[in-house]
Amino acid sequence: MNRPVATRTAYRDHLIQLMRTDPRVVCVDTDTGLFAGADFGPAAERYLNLGIAEQNAMGVAAGLAASGWRPYVNTMAAFAASRAVESVKIDIAYNGLPVCVVATHGGVAAGHLGPTHHALEDLAVMRTLPNMTVLVPGDAAATVSLLEQVRHRSGPAYVRLGRKATQPLPRTDGEPVVGELQQMRSGDDVVIVATGPLPTLRSLAAADALHHHEDIHVSVVQAHTLKPFDPAALLHTVLTARLVVTVEEHWRTGGLGSTVAEVLADACGPPLVRLGFPDGFGHTPGTQEQLLDAVGLTAAGIADHIRRALRTDRRRTTV
Amino acid sequence: MARPDVREAAEHPLEPTAAGRADLEAVSHRIRHHIVDMCATPEGGHLGGSMSAADILAVLYFSVLRVDPARPHHPDRDIFLLSKGHAAIALYATLAERGFLPVAELGGFGTRRGRLMGHPVTAVPGVELPTGSLGHGLSLGIGFAMAARWAGSRRRTFVLLGDGELQEGSCWEAVMAGAGHGVDNLVAIVDRNGLQLAGETDQVCPAGPPAERWRAFGWEVREVDGHDHAAVSDALARTPWVPGRPSVVIAHTVKGRGLPFLAGKPAGHYVTLSEENRQRAHRILDIGARRGGRA
């Protein structure tokens, strides 16, 4: 699968197949337009479009899950993680029910629609909920792989997807595994921990540039799972590095950067630079790529941050 | 169609108990006594809305619901959700009377000695899902009801809501979905006591008669005296009243019913009863029972 495919397209195709093959699976939709009942053929009865009513969708999904079904709630990240979050918390997470909340348009994937449709808090919100598995697949293939793993787990999951097609990530030795960090590239000086398709792709490009031009060796680790997060694996990867950098399509507060900071704080790890969206709402429209560019989440921007941080790495220079 | 939640059901059919009217009066009376006692624990309790719901719960658990205390997770049981979770003490009292938990356990309400929290928790046998953040129960009920439809189960789902609770917008998301999807194995009951914490519901948030609103959304509506066991029982005995449409009973009740010094008063919403008032309340309930249950 080398052509660009949207993670939400991969999910769509996967769920249509799943509905036909797994009789426990139910699709609860919120008038997103991603599905039509006819897509599911003989399983169309188990497709429920509940309209523009995300709180109700979460509650209905919880009732279904408590009765033995496996609901997939289809909505947009901005509504799953803020509009409906109390229903996610109480109806789903509190009860540990196997509801898969699949949230498209994560981050600024709906960039042109503005902050009402941006989800830059969703990872922070979801990872604070007990029992919740929080996933950000890096590409279409990972989406299918991670969704398939979630299907065989108990408990709820939040799966953050995008909107438009993105390039597939480079192949690694193994498949992404829920709860594990995925090493995308090796290097001894700096470790970038990235989550999401574009942050990971741009981090890889930044690492290449630093290696070729300045002989700085950069690891890139993909955190497709924010929860459960593996502190031991992170520390094993970063403890000998001079610098750790997180890159995410999320406000700098509460998401991947905060997750990594919590781990490093407990272990007195290396210095950390958290790259993400500053504390504020965007005031100009743009594509997802343009909005990432505007806050410096480009390959060049990530590389610049690393150069600057290494120059001011006081802990290293006093050793 | 798979039936993931229905196993062995045919071999173990469930039927409601056939309590007579006198029995229901006695059950309601005992439930009210338990409510008073739980409101005399250190943290107190939601007395008013529990007393208003006591008769409805007695009817549900003693003449309507197909449940089995010995098998609280029986796959073909009817589902009950107390969406107005503030009335948890009324539910605990009812479950105890029905045999889901020891009556003595009610004494541990709200304390570290027990598992009975101020809103229903699933640690208590018979509680299906936690509720009490208002506006959740009807959505959950739709999920249970749709699941039963797909499983080919005869299970019905009952959801008890408060009239103040209907101020939560999520209720109306569920009202629309229930009618829009023709969920006719779902029955809502509105405990229409007309009061909420700060005063009269119609003054805090004027919304008009609930029956008209539910009817406008496509539900089959009946209005009853929520303290008339026979009327409530008759309304709930055979649903749906119209195939393809969900049912709602607007049950007119008195908040704090049974205790004239608190009945119909916002002050009765949440109380911590002193030992003196606990005993006074018990005496008043007993006198009321001898006079035929009128308060």
Side-chain angles (χ1 to χ4, degrees), chain A residues 18-31 37 40 42-73 75 79 83-99 130-131 156, chain B residues 1-7 73 75-79 81 83 85 117 119-123 127-153 155 157 159 168-183 185-186:
Chain A
L18 213 54
M19 284 273 280
R20 292 167 181 258
T21 54
D22 184 340
R24 301 172 308 161
V25 171
V26 180
C27 178
V28 177
D29 202 358
T30 55
D31 200 44
F40 300 109
E45 187 191 23
R46 285 181 278 120
Y47 170 72
L48 266 181
N49 186 359
L50 293 172
I52 308 156
E54 290 80 14
Q55 297 173 84
N56 183 49
M58 299 301 172
V60 171
L64 288 164
S67 302
W69 302 83
R70 301 298 294 253
Y72 288 68
V73 182
T75 183
F79 312 135
R83 186 64 172 259
V85 74
E86 199 209 44
S87 296
V88 176
K89 171 186 151 191
I90 294 177
D91 301 341
I92 296 171
Y94 182 11
N95 302 305
L97 290 169
V99 175
N131 299 325
Chain B
M1 179 66 66
R3 304 180 69 202
D5 60 349
V6 179
R7 298 173 298 276
H73 298 291
D76 239 2
R77 70 194 181 282
D78 286 336
I79 299 291
L81 298 164
S83 192
M117 295 196 204
H119 293 90
V121 288
T122 49
V127 174
E128 300 287 353
L129 288 176
T131 48
S133 175
L134 298 174
H136 288 245
L138 201 58
S139 298
L140 297 171
I142 291 172
F144 278 106
M146 291 298 297
R149 177 197 285 184
W150 292 335
S153 166
R155 159 188 291 180
T157 298
V159 182
E168 291 282 5
S170 56
C171 291
W172 299 97
E173 293 184 2
V175 169
M176 281 185 278
H181 289 272
V183 188
N185 52 354
L186 176 67

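These numbers come from the heavy atoms of this one structure, side chains and all, not from hydrogens, waters or symmetry mates. Lettering of chains follows the sequences in order, A, B, ..., and the numbering in each one begins at 1.
Heavy-atom minimum distance, B/H136 versus A/E86: NE2-OE1, 2.5 Å. Closest heavy-atom contact between B/G143 and A/L64: O-CD2, 3.3 Å. In terms of heavy-atom proximity, B/A151 sits nearest to A/W69 at N-CZ2, 4.0 Å.
In this structure, CZ on B/R149 lies 7.5 Å from CD on A/E45, to the nearest 0.5 angstrom. Here B/L140 contributes atom CG and A/D91 contributes atom CG; the two are 4.5 Å apart, rounded to the nearest 0.5 Å. In this structure, the separation between CE on B/M176 and CG on A/L50 is 10.5 Å, given to the nearest 0.5 Å. The CG atom of B/L129 lies 11.5 Å from the CD1 atom of A/I90; values are rounded to the nearest 0.5 Å. Distance CD/A/E54 to OG/B/S170: 12.0 Å, rounded to 0.5 Å.
A/V26 touches chain B through its side chain: at least one heavy atom from C-beta onward sits under 4.5 Å away, while N, CA, C and O do not. When heavy atoms are compared at a cutoff of 4.5 Å, A/N49 approaches chain B solely by way of its backbone atoms N, CA, C and O.
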Exercise. Begin with the C-alpha distance, continue with both residues' side-chain angles, and end with the deciding distance and a verdict on side chain to side chain contact (heavy atoms under 4.5 Å, CB included) for A/S67 and B/R155.
Key: CA-CA 11 Å; A/S67 302; B/R155 159 188 291 180; 3.8 Å; yes
Exercise. For the pair A/M58 and B/S139, evaluate side chain to side chain contact (heavy atoms under 4.5 Å, CB included) and give the outcome as yes or no after the intermediate values.
Key: CA-CA 8 Å; A/M58 299 301 172; B/S139 298; over 6 Å; no
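Taking B/M146, B/E128, B/H181 one by one and counting their heavy-atom pairs under 4.5 Å with chain A, the maximum is reached by B/H181. When the candidates A/N95, A/L48, A/V28, A/V60 are compared by the number of heavy-atom contacts under 4.5 Å with chain B, A/V60 comes out ahead.
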